[in-house]
Structure formats: C-alpha cells, structure tokens
Amino acid sequence: MIDELLARGASPIHALDARCRLTACLLLSLPAAMAQGLAAPLGILGLGLLLTLLSRPPLGVVLRRTAAVNVFVAFLWLFVPAATPGEPVWTFHGLTVTREGLDLALLTTVKANAVFFCVLSLLATIPAPALGRAMTALGVPAKFSFLFVFTYRYLHVIAEEYGRLVVAARLRGFAPATNARTYRTYAALLAMVLVRAYDRSQRVYQAMLLRGFHGRFPSLDRFRAGWPDKVFLCLMALAAALAAYGDWISRSGHA
Amino acid sequence: MHISEGVLSGPVLAGGWALSAVGVGLGLKRLDYDRLMTVAILSAAFFVGSLIHVPIGPVSAHLILNGLLGAILGPAAFPAIAVALLLQAVLFQYGGLIVLGANVFDMAGPAVACAFAFGPLLRRAGKARAVGAFCCGFFAVLLAALLTACALALSGEGFVATAKAIVVAHVPIMLVEGAVTAMAVGFLAKVRPELLVHAPTR
Amino acid sequence: MPEPLLALEKITFAYPAAADPVLDALDFTFSPGQRIGLFGPNGSGKTTLLHVMMGLARPQSGVVRYKGREAQAERDFREVRLGIGMLLQNADDQIIYPTVLDDVAFGPLNRGLAPDAARELAERTLSLLGLDGFADRLAHRLSGGEKKLVSLAGVLAMEPEALLLDEPTGGLDPETRERLVAILGQLAKPMIIISHDWDFLAHVTDTYYSIEHGRLVHDPDFVLHRHVHGHPLGDRHHHHH
Amino acid sequence: MPEPLLALEKITFAYPAAADPVLDALDFTFSPGQRIGLFGPNGSGKTTLLHVMMGLARPQSGVVRYKGREAQAERDFREVRLGIGMLLQNADDQIIYPTVLDDVAFGPLNRGLAPDAARELAERTLSLLGLDGFADRLAHRLSGGEKKLVSLAGVLAMEPEALLLDEPTGGLDPETRERLVAILGQLAKPMIIISHDWDFLAHVTDTYYSIEHGRLVHDPDFVLHRHVHGHPLGDRHHHHH
Ligand SMILES: Nc1ncnc2c1ncn2[C@@H]1O[C@H](COP(=O)(O)OP(=O)(O)OP(=O)(O)O)[C@@H](O)[C@H]1O
Ligand SMILES: Nc1ncnc2c1ncn2[C@@H]1O[C@H](COP(=O)(O)OP(=O)(O)OP(=O)(O)O)[C@@H](O)[C@H]1O
Ligand SMILES: [Mg+2]
Ligand SMILES: [Mg+2]
C-alpha cells in the first residue's frame with residue numbers, strides 16, 4: 001500500500017549525499033514556485049526532467065505520479081481561464097475566457113510540474129530514515145526529525161494491520177455503500193486501528209526503557225560529502241540563482 | 001485538499017511557513033521525548049486512516065481526520081500533521097516543500113483550534129461527547145477548506161472561483177467526517193478512554 | 001459425487017513484484033462433506049490459496065468456480081463470501097467492533113438481516129460456542145483463547161455452508177484447543193483447515209494436502225508415528241502440540 | 001552458591017481494575033549460571049513476572065533485589081535494565097528505528113558509548129547472529145524470522161549479564177528456530193525463557209517453573225516421555241513443535 005518505489009536505486013542521483021539532495025531540492029523549488037514569468041520555471045522543469053532521467057525511475061511510477069499531481073492542475077484549468085479578468089479571447093454561454101486567465105493557468109501548470117520533477121528526482125530518491133538524519137544535520141529540530149523517522153517506521157506495521165482488518169470485513173460480506181452502517185463500519189475500523197496503535201506505542205515505550213532509554217534519542221552520525229556532492233550542489237545553486245535572476249530581470253523589464 | 005506547488009503567491013507561501021513553524025514549535029515544546037513515540041505511532045495510524053476511501057453517493061472521497069487527530073493529540077497534532085504531510089510529499093509527491101507550510105497550516109490550525117473549542121465536551125459522557133466529536137470532525141474540515149480557499153483567493157483574483165468550488169465540494173465530506181469522528185470517539189471512549197485525555201481542557 | 005462447492009482450474013498466481021508464482025497451474029476441488037487439512041512450510045502458499053478461493057487475491061490465469069458457476073467480478077465473490085466463511089489466522093485482525101455482540105452481528109447485518117434478527121442470531125451463535133454472557137464484553141479485554149472463539153462466532157453467525165480456517169489453533173493454550181476440536185467435530189459442515197499442528201489436523205480432518213512448487217500434493221501417508229521429546233507435567237493430564 | 005542476580009521477595013501484583021492479583025506473595029531467585037524455562041497457560045502471569053523484575057510493572061507490595069540491593073525508584077531499575085536484557089514477545093514492538101543498524105546501536109548509545117564504538121559493536125553483534133550485510137536494511141522489509149533475530153541483536157548489543165526472553169520462538173519457522181537454539185546454546189549467559197514450546201525449552205534451559213495461583217511452582221518432573229501422534233511427511237526429515 002505504501003511503498004517507496006523510488007528510494008532504492010543505483011543511479012548517480014542515489015549516490016549523492018542526502019543533505020545535498022535535500023538542499024538542492026529546496027534551492028531549485030524556490031525560484032520555480034516564486035517565478036512570475038514562464039522562463040524560469042520552464043528552465044527548472046527542463047533541469048528537473050534531466051535529473052529525473054538521471055535517477056532512472058520506473059516509467060510507470062513516473063507517469064502515475066505525474067498524472068496524480070496534474071489532477072489539481074486540471075481542476076484549476078476548469079475555473080481559472082474564465083475567472084481571471086482581462087482581454088477576452090473566447091466567449092461561451094456567458095463565460096469569457098481571457099488571455100490573462102490562460103496565461104495564469106499555463107504558468108501554474110509549468111510551475112507545479114517543475115517543482116514536482118525536482119521533488120521526484122531529488123527528494124523521493126532519499127530513503128525516509130536518511131531524510132530524517134539529513135533534516136537534523138541541516139538544522140531542523142531533532143524532535144521533529146525523530147517524529148518523522150518513527151512515524152515512518154510504524155507506517156508499514158499499521159498499514160498492514162489495517163489491511164488485514166479490511167480483509168476481515170470483506171470476508172464477512174461487507175460491501176461499502178452510502179449508508180449509516182458503512183460509516184459505522186469505517187468508524188469502527190478506524191477506532192480499532194487507533195486503539196491498537198496506542199497499545200503498541202505503550203509496548204514500544206517499554207521496549208525503549210528496557211534498552212536504557214532515558215529521555216533522549218541518540219543517533220549515529222554517518223554523513224560523508226565528497227567532491228561530487230559539492231560540485232553537484234554548486235551547480236544546482238548556480239542554476240537556481242540563474243533562474244531567480246532571469247525572472248527578476250523579466251519582471252523589471254515588464255514594469 | 002492539497003494545494004499543489006506553483007499556485008500560491010510568495011507572501012502566502014511565506015505566511016504559511018511562518019505560521020506552521022510557530023505551530024510546530026509550540027506543539028513540539030509541549031511534547032517531551034517520553035511521549036514522542038506515542039505521537040509518532042498515532043500519527044502513522046492517522047496517515048493510514050486518511051487513506052480510507054468512503055463512498056459518498058456516486059463518488060468516493062478519502063477521510064481527512066484532522067479533527068479526530070486534534071481531539072486525541074491536542075497541540076501535538078500540529079507536528080504530527082506536519083510529519084504526515086512531509087511523508088506524503090516524500091512517498092507520493094503530493095505537493096512539494098515550498099507549499100508545505102501553507103498545507104500544514106490549513107490542516108493543522110483547524111485541528112488544534114477545534115481541539116481547544118470542543119475538547120472539554122469530549123470528556124463528558126453521552127450526547128455531549130457525541131456532539132463535541134461531531135463538531136471536531138465537521139468544523140476541522142470546514143475551517144481547513146476555508147483556509148485553503150483563502151490561501152488561493154489571496155494568491156490571485158483568478159483563483160477565487162476555484163476557492164469557492166473547493167468549499168462547496170467539501171460540504172458532504174464535512175458531514176461524513178463529523179459522523180465518522182463522532183462514532184469513532186464513541187468507540188474510543190468505550191475501549192481506551194486514556195486516548196482522549198490529551199484533548200485540551202481550556 | 002456431489003457437485004463441488006468450489007473448484008479451481010489451472011490457477012496461476014504471483015504477487016506483484018515477485019519472480020516466481022506462488023500458485024502454478026493449480027487444480028483443486030472442494031466438495032460437500034469433505035474435511036481437508038492443508039499443511040506445509042511457511043511461505044508455501046497456503047494462505048494465498050484460500051485468498052484466491054475467496055476472491056481476496058485475483059489469479060493471473062485460471063478459473064474459480066463456485067457451485068459450478070465461474071466467479072470473476074467482485075460481486076460474484078461477494079456471493080462466495082456469503083456462502084463460505086473464512087477465519088483469519090490472527091483473531092485480533094478478525095474482530096472489527098469493540099464489543100462482542102456488535103462484532104458477531106456484523107456478518108448477519110451484511111447479509112441483510114434486520115437488526116433484531118441479527119442480534120438474536122448473534123446471541124444464539126455465542127451460546128453455541130459456550131460464550132453466553134459475552135455479548136457486552138469488550139473485545140480487547142478478552143484472553144487470546146476467548147478472542148479466537150469470538151472470531152469463530154463471527155464467522156459461524158453468517159451461517160455459511162462451509163468453513164475455511166487459517167491456523168485456528170495458533171497461540172491457543174491446550175484447554176482452549178481441546179474445546180475447538182470438540183466444536184469443530186460437532187459442526188456438520190465441509191471445511192478446509194490450514195495448520196502446522198498435525199495432531200489437531202488428525203483429530204478434525206480426514207483428507208490431507210500440502211503445497212509443493214505451487215501445486216497441491218495429496219498426501220495419503222499421514223501416518224501415526226512414534227517419537228520422543230522433552231515434556232513437563234510428568235504424569236498429569238496433558239495435550240500435545 | 002553465588003549471590004543471586006535478581007531476587008523477588010513476597011511480590012504481590014494486581015492490574016488496576018482487576019479483582020485478583022496476578023502475582024500473590026511470590027518468591028523467586030535468579031542466580032548466575034541458571035537457565036530457567038517458564039511455562040504455563042495463557043494469562044497465568046509469566047509476562048507480568050518479567051515486567052516486575054524489570055520495573056515495567058510496580059508491585060503493590062514486596063521487594064525486588066538486584067545484586068542484593070533493593071530496587072525501588074525508576075533510576076534503580078535503569079541500572080537493572082543495563083545489566084539484564086529483555087526481549088519482548090513481538091519483534092515489531094522491539095525494533096524502534098527503521099534501519100537495522102540504528103536500531104541495534106540504540107542500546108549501546110544509551111549506555112553512553114561514542115557513536116563510532118556503538119556502530120562497531122552493533123556490526124559485531126549482527127555478524128555474531130549471522131546477520132552480516134543487514135546494517136542498512138529497512139526493518140519493515142525483513143521477514144518475521146529476520147525481525148526476531150534483529151531484535152535479539154538489539155538486546156545482545158547491550159552486552160547484558162543475563163537475558164529474559166518472552167516467547168522467543170513464536171511464529172518462527174523450524175529453520176530459524178533451530179538457529180535460535182544454536183545461538184542461545186552458545187551464549188554463556190544466565191537466562192529466563194518464557195515459552196509454550198516445550199521442545200525448545202528442553203534444548204536450551206535446565207530448570208523449569210510454572211505459575212499457579214500467583215505463585216511459582218518448581219517443576220522437577222520435566223521428563224523425557226514417549227507418545228504417539230498423527231504425522232505427515234512419513235520418513236522425511238522433520239522437526240517437532
Ligand atoms: N502481500 C504479499 N506481497 C508479496 N508477497 C507475498 C504477499 N503475501 C505473501 N507473499 C509471499 O507469497 C508466498 C506465499 O505466502 P502465504 O502467506 O500464502 O504462505 P503460507 O503458506 O500461508 O505461509 P505461513 O505458513 O507462514 O502462513 C510467501 O513467499 C510470501 O512471502
Ligand atoms: N495491561 C493490563 N491490564 C489489565 N490486565 C492485564 C494487563 N496485562 C495483562 N493483564 C491480565 O493479567 C493476567 C496475566 O497476564 P500475563 O500477560 O502476565 O500472562 P501470560 O502468562 O504472559 O500469558 P500469555 O501466555 O498469554 O502470554 C491475565 O489475566 C491478563 O488478562
Ligand atoms: Mg499463512
Ligand atoms: Mg505473555
């Protein structure tokens with residue numbers, strides 16, 4: 001149900017230090033998300049696609065994920081072109097599609113996909129435990145990183161428990177429909193999942209005490225950034241700066 | 001109810017990050033390491049619970065559960081939701097890191113607000129508890145939809161129509177969430193009343 | 001010979017990312033009156049086989065027939081599930097509602113019974129298993145053995161024509177196990193039981209299969225066999241696992 | 001006779017809402033060199049007994065002594081937990097980090113080892129259990145048997161003087177079980193093992209107790225004993241549960 005389909009791999013991207021990938025992902029996403037013109041996000045979209053190619057993901061996964069992200073974008077296309085005031089290009093049953101509206105929808109689409117491919121190639125390729133360590137190394141509070149890592153640890157255990165409960169319900173003839181009993185059944189399943197999660201957390205806490213836990217999570221330090229990591233990070237920082245500068249130029253040009 | 005990356009304007013994104021950082025910070029401050037594992041495992045349970053698709057008429061929608069999460073975790077729901085959304089970004093690429101702040105605040109703000117507003121009702125018995133739980137589920141989704149809509153509307157005039165559509169589309173979900181939350185809290189009160197003690201008292 | 005209740009024809013099933021199929025062109029029939037014991041090493045595919053029968057896992061090729069009719073869509077299998085009851089390995093996974101009565105009444109309500117009839121049937125089933133007075137108990141406060149019996153009650157309350165039981169004795173203490181032997185011996189229903197507990201199988205089933213390389217192997221040499229092992233409770237009354 | 005590692009004196013323990021105490025004025029000593037097997041029906045209080053020893057459950061009356069000194073406050077028990085390693089029944093509860101190496105190093109780091117030394121010790125322990133190459137594996141991708149061995153590695157990496165194991169063979173297939181017998185046989189540490197698996201107990205322990213009515217009963221008549229039972233796989237090689 002919940003699988004990191006991209007985190008394992010032997011590509012050049014996977015070989016990079018997790019801290020560098022996380023930083024690069026942030027650096028590239030920022031100008032793409034903030035841009036006002038098309039040029040910068042288009043450039044980053046291109047770079048994101050290149051990085052995705054380098055990370056050698058399974059094609060099916062990429063297509064499915066791309067489609068999922070663009071559902072919200074498609075939803076925007078339903079409303080934005082006709083709702084933005086400006087120069088009309090097409091009128092249909094009282095709805096006026098404007099040039100500004102089309103531009104805004106297009107810009108949003110490019111920005112969303114540019115960031116998506118950066119996340120896909122740089123963030124989704126980091127296994128969650130390594131991401132937790134990378135966040136701490138980059139200054140995120142340790143408590144938050146541990147919360148992230150342990151949530152990830154038990155996600156699979158609980159998803160499996162839930163899956164077995166659903167199987168049990170189906171075996172006894174449960175067929176979801178829009179009625180009170182269906183909602184009652186889901187509420188019961190949900191409550192059972194929570195109760196078992198809570199009970200489990202008590203047992204896990206005991207296990208922690210048994211292994212000498214005294215209010216602080218230690219961690220092994222194991223980051224080693226070599227020159228390829230540094231070169232990569234510099235290149236990405238340069239690309240991000242270029243995109244931001246380009247967007248700023250085009251903005252002041254219009255003004 | 002994720003806003004995808006690239007939609008919101010700079011100030012809205014920055015505001016989302018600032019508010020979320022404060023919320024996560026306050027939530028973490030109240031959370032000591034001894035209870036961290038409980039919050040992590042419950043957060044995982046909510047992540048899984050929010051993958052439940054329930055039929056609503058001809059379509060199906062997934063549960064959001066931020067109201068129930070707030071009812072159980074209180075202020076710790078803030079970091080819990082932040083962690084869950086970050087995991088969704090990493091595992092499924094729903095939204096990136098830039099829009100994360102806004103998405104976290106839209107979901108977690110209402111969760112904690114409802115916990116404070118209706119928390120006292122949750123520890124009473126019978127009808128009062130059911131009403132409080134329904135309100136937690138209902139208003140947490142309503143507020144989340146409103147905040148999402150505001151974030152969109154503030155980002156540009158072109159997004160106002162989308163914002164309205166989002167609120168309207170969530171009305172049936174609010175009702176279902178309210179009902180499911182009320183029933184789930186009823187079961188929890190019977191089976192593990194300890195789970196409800198962290199709801200804020202004030 | 002009566003028409004088979006369930007028939008599998010050339011079933012091939014592999015889990016998504018797996019290289020080898022778990023079930024490989026497997027044929028099988030399960031007829032009224034049969035009591036089948038299914039054993040074999042961990043991971044040989046026993047649970048998967050039952051899941052295919054119940055439509056919880058869909059084979060890549062082959063046909064599942066229920067009373068002679070091919071079952072293909074989810075709705076066909078819904079009918080199978082109303083006719084055949086399956087008990088999962090872990091009782092904790094099987095008990096969905098926090099209170100015993102709600103849980104046992106879940107199946108009958110899904111079959112479309114009115115609430116009153118469902119409650120009545122649930123209570124009758126509980127008392128059949130010697131669980132009178134359990135109706136309002138909370139599921140998570142039951143002992144392991146009690147949970148197992150309650151989950152069995154949930155299956156029996158659906159009044160199935162046949163039973164599939166996945167390791168029903170796992171984690172039970174000897175006394176509860178004996179009670180289960182007695183209850184199952186008394187039920188005049190065809191059944192398939194997966195178990196690692198040969199002694200148990202010898203008591204409640206009469207035909208034995210194991211799975212090897214994705215195929216069912218009929219095992220006629222289920223023999224009585226003498227051996228020595230360590231044992232507490234010297235000469236007191238005891239049971240073997 | 002050496003000074004007992006742990007001694008329980010007149011321990012009475014009842015769970016909050018329960019009517020009868022689970023442990024009732026129970027006395028017990030556990031000395032270096034002992035290998036104790038603890039068995040008995042579900043719910044008789046075996047797990048509770050180990051929890052009292054480790055300070056996870058606090059008795060209403062009675063004294064727990066660790067190396068002769070009374071353990072009372074949480075900090076006394078912290079010392080007990082650094083000296084005695086306990087393995088919980090369910091490996092999923094015991095493996096708290098997502099990656100194997102982090103998890104095995106957790107105990108050593110808590111004992112105050114430097115990260116490098118902790119890593120080195122963790123790797124050594126993994127290889128002792130035949131788990132070389134597991135360091136970066138993700139816990140949720142391990143099989144049941146592998147999880148059990150990793151959780152044992154987490155306990156052994158604390159270099160405890162003694163071990164308490166709660167049903168270590170539950171859910172293991174025969175092969176992993178054999179491996180565990182070999183590993184435990186090799187460890188020259190005193191241990192207490194809870195198990196329903198008499199054959200396993202007979203292989204790795206030499207003193208037997210069960211709990212009856214809240215008291216420990218020493219069982220000297222754990223005997224070799226001949227019996228007959230149903231058995232498949234005729235003359236092929238096999239193991240008994
Ligand atoms: N959801 C799944 N995804 C991938 N592989 C699976 C899944 N479930 C089971 N398998 C694999 O399929 C094979 C058969 O599994 P199955 O559960 O049917 O075995 P079994 O005979 O019931 O074993 P056991 O005695 O341990 O219950 C095993 O190798 C198992 O690892
Ligand atoms: N947290 C708890 N709250 C209340 N009662 C409990 C709790 N844990 C255990 N009990 C009860 O205490 C008794 C002893 O339980 P314990 O877990 O020690 O038994 P056990 O001998 O380990 O059994 P098993 O063989 O099933 O593991 C049982 O009757 C059980 O129902
Ligand atoms: Mg199985
Ligand atoms: Mg126990």
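Just so it is clear, the model here is predicted, and its values are computed rather than measured.
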Could you tell me whether the side chain of B:Val83 reaches within less than 4.5 Å of the side chain of A:Phe146, counting heavy atoms only? no
Could you tell me which portion of A:Glu100 (side chain, backbone, both or neither) has an atom closer than 4.5 angstrom to a non-hydrogen atom of chain B? neither
So which part of A:Met192 gets closer than 4.5 Å to some heavy atom of chain B, the side chain, the backbone, both or neither? neither
Between B:Val24 and chain A, with a heavy-atom cut-off of 4.5 Å, which part of the residue counts as in contact: side chain, backbone, both or neither? side chain
Those residues of residues 78-88 of chain A, ordered by number, that approach chain B below 4.5 Å (heavy atom to heavy atom): A:Phe79, A:Val80, A:Ala83, A:Thr84, A:Pro85
Taking heavy atoms only and a threshold strictly under 4.5 Å, list by residue number the residues of residues 8-21 of chain B that touch chain A; give 'none' if the list is empty. B:Leu8, B:Gly10, B:Leu13
Could you grab the distance from atom CD1 of B:Ile98 to atom OG of A:Ser29, nearest 0.5 Å is fine? 5.0 Å
A:Val193, A:Val149, A:Val119, A:Val115: which one forms the most heavy-atom pairs within less than 4.5 Å of chain B? A:Val115
For chain A, which of B:Val191, B:Leu68, B:Asp34 has the most heavy-atom pairs under 4.5 Å? B:Asp34
With only heavy atoms counted, which part of B:Lys190 is less than 4.5 Å from chain A, the side chain, the backbone, both or neither? neither
A quick test of your reading: do over 12 heavy atoms of other residues, nucleotides or ligands sit less than 6.0 Å from CZ of A:Arg181? yes
Interchain contact, A:Arg65 with chain B, by part (heavy-atom threshold 4.5 Å): side chain
Which is it for A:Tyr162 and B:Ile52 under the side chain to side chain contact (heavy atoms under 4.5 Å, CB included) test, yes or no, and what are the steps along the way? CA-CA 10 Å; A:Tyr162 172 68; B:Ile52 300 178; 3.2 Å; yes
Verify side chain to side chain contact (heavy atoms under 4.5 Å, CB included) between A:Leu6 and B:Gln93, making sure each step is shown before the conclusion. CA-CA 11 Å; A:Leu6 307 168; B:Gln93 294 85 52; 4.2 Å; yes
Side chain, backbone, both or neither: which part of A:Phe150 has a heavy atom under 4.5 Å from chain B? both
Looking only at heavy atoms and a cut-off of under 4.5 Å, which of A:Thr182, A:Asn179, A:Thr125, A:Leu30 has the most pairs with chain B? A:Leu30
So how far is it from B:Leu195 CG to A:Ser201 OG, rounded to the nearest 0.5 Å? 8.0 Å
All ring-ring contact (aromatic ring centres under 6.0 Å, His included) counterparts of A:Tyr186, not counting sequence neighbours: A:Phe174
Is it the backbone or the side chain of A:Leu131 that comes under 4.5 Å from a heavy atom of chain B, or both, or neither? side chain
Rounded to the nearest 0.5 Å, what separates atom OH in A:Tyr205 from atom OH in B:Tyr33? 13.5 Å
As a test of understanding, state which of A:Thr151, A:Val204, A:Leu194, A:Leu155 forms a side-chain contact (heavy atoms from CB on, under 4.5 Å) with B:Ile41. A:Val204
Top contributor to chain A contacts, counting heavy-atom pairs under 4.5 Å, from B:Leu42, B:Leu86, B:Val99: B:Leu86
Less than 4.5 Å apart, side chain to side chain, heavy atoms only: is that true for A:Ile126 and B:Val90? no
Beyond-backbone contact of B:Leu65 with A:Leu190, side-chain heavy atoms, under 4.5 angstrom: yes
Which atom pair, heavy atoms only, marks the closest approach of A:Ala177 to B:Pro55? O-CG, 3.4 Å
Under a 4.5 Å heavy-atom cut-off, does chain B meet the side chain of A:Ala142, its backbone, both or neither? both
Heavy-atom pair of closest approach, residues B:Arg192 and A:Asp199: NE-OD1, 2.6 Å
Bottom line for B:Leu28: the part with an atom under 4.5 Å from chain A's heavy atoms is both
Toward chain B, the part of A:Leu120 with a non-hydrogen atom under 4.5 Å: both
Tabulate, in ascending numerical order, the residues of residues 151-165 of chain B having at least one heavy atom closer than 4.5 Å to a heavy atom of chain A, or enter 'none'. B:Glu157, B:Gly158, B:Phe159, B:Ala161, B:Thr162, B:Ala165
Rounded distance (nearest 0.5 Å) linking atom OG1 of B:Thr38 with atom OH of A:Tyr198: 6.5 Å
Output the distance between atom CZ (A:Phe148) and atom OG (B:Ser43), rounded to the nearest 0.5 Å. 10.5 Å
Side-chain heavy atoms of A:Phe75 within contact of B:Ile166, under 4.5 Å: yes
Is B:Val176 in contact with chain A via its backbone, its side chain, both, or neither, using a 4.5 Å heavy-atom distance? side chain
Which atom of B:Pro79 lies closest to which atom of A:Phe144, heavy atoms considered: O-CE1, 4.1 Å
Shortest non-hydrogen contact from B:Glu5 to A:Ala33? OE2-CB, 4.1 Å
Can a donor-acceptor pair be found, under 3.5 Å and without considering hydrogens, that links the side chain of A:Lys143 to the backbone of B:Leu31? yes
Under a 4.5 Å heavy-atom cut-off, does chain A meet the side chain of B:Ala80, its backbone, both or neither? backbone
With chain A as the partner, which of B:Val7, B:Leu87, B:Leu188, B:Val180 has the greatest number of non-hydrogen pairs under 4.5 Å? B:Leu87
Taking side chain as C-beta onward, heavy atoms only, is A:Phe217 less than 4.5 Å from B:Leu36? yes
Quick one: CD on A:Gln206 to CE on B:Met37, what's the gap to the nearest 0.5 Å? 13.0 Å
Does a side-chain heavy-atom distance below 4.5 Å link B:Phe47 with A:Ile158? no
